[in-house]
Amino acid sequence: MRNLDFTSWQGLLSTLLGLALITLIGVGIRLLVMQTIQQRRARENRQINERLRTLIAAYKTLGGSFTGNLAVDPRHLRDLRRDEESAAEGGQPTAPLPAGDRARRMRDATEAALSDVILLGTEEQVRLAAGAASDLVAGRPVHTAELVVSLREFIRRVLDLEPVPAQ
């Protein structure tokens, strides 16, 4: 308060200019800090949105059927042909190969969805997806019901939606 001079017009003017300059510097620093914080939040929100979008796509792939059958056939087309050839050589009647390649497409989509969940999921989801992936590699049918439920609960929680009713 000692440096504020209101006794003359020159003193008053220099005091007001000094206060304006200090205020301008303070506001500039505050704006820079706020902009930095806002950019960081925007980057975090984009990452969260991308993660959520990927997990929603995985959820749709893994649980997108309303048939109630959440199992994936792990066999490749070559395995199906080999089974058919070995059965034909053994004289057993063979079932024809499926006309469509839906099972193969489902397996491929499941592999992609499992890799996304392993990359971006929670600890529980990663554990379930890793187990499903190892079943897929071992040639066992993959059951994804637990993983689908975990994904659904996580997505609903992140979106601030109420849990799905038990009924």
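For the single chain, residues carry numbers from 1 onward in sequence order.
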Would you say R156's side chain and L161's backbone share a donor-acceptor pair under 3.5 angstrom?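 Judged by distance alone, no pair lies under 3.5 Å.
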To the closest 0.5 Å, what do you measure between [atom1] ([X]) and [atom2] ([Y])?
| X | Y | atom1 | atom2 | answer |
| --- | --- | --- | --- | --- |
| E123 | S150 | CD | OG | 11.0 Å |
| E153 | Y59 | CD | OH | 10.0 Å |
| L31 | L24 | CG | CG | 9.5 Å |
| L21 | L16 | CG | CG | 12.5 Å |
| Q38 | N45 | CD | CG | 10.5 Å |
| L19 | S14 | CG | OG | 9.5 Å |

Flag side-chain contact, heavy atom, 4.5 Å: [X] against [Y]:
| X | Y | value |
| --- | --- | --- |
| I155 | R152 | no |
| L62 | L147 | yes |
| Q47 | R43 | yes |
| V126 | V117 | no |
| Q125 | T122 | yes |
| L159 | L52 | yes |

R53: partners by side chain to side chain donor-acceptor pair (under 3.5 Å), with sequence neighbours left out: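 E50.
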Among Q39, Q35, R41, find the one that has a side-chain contact (heavy atoms from CB on, under 4.5 Å) with I37.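 Only one of Q39, Q35, R41 forms a side-chain contact (heavy atoms from CB on, under 4.5 Å) with I37, namely R41.
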Closest non-hydrogen atom pair between L120 and R51, with its separation: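 It is O-NE, 2.6 Å.
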State yes or no: do L151 and L119 share one hydrophobic cluster built from I, L, V, M, F, W and Y residues joined by side-chain heavy-atom distances below 4.5 Å, directly or via other members?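 As far as the 4.5 Å side-chain criterion goes, L119 and L151 are connected within one cluster.
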Should V149 and I118 be counted in the same cluster of Ile, Leu, Val, Met, Phe, Trp and Tyr side chains packed under 4.5 Å apart?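 Looking at the clustering, I118 is in a separate group from V149.
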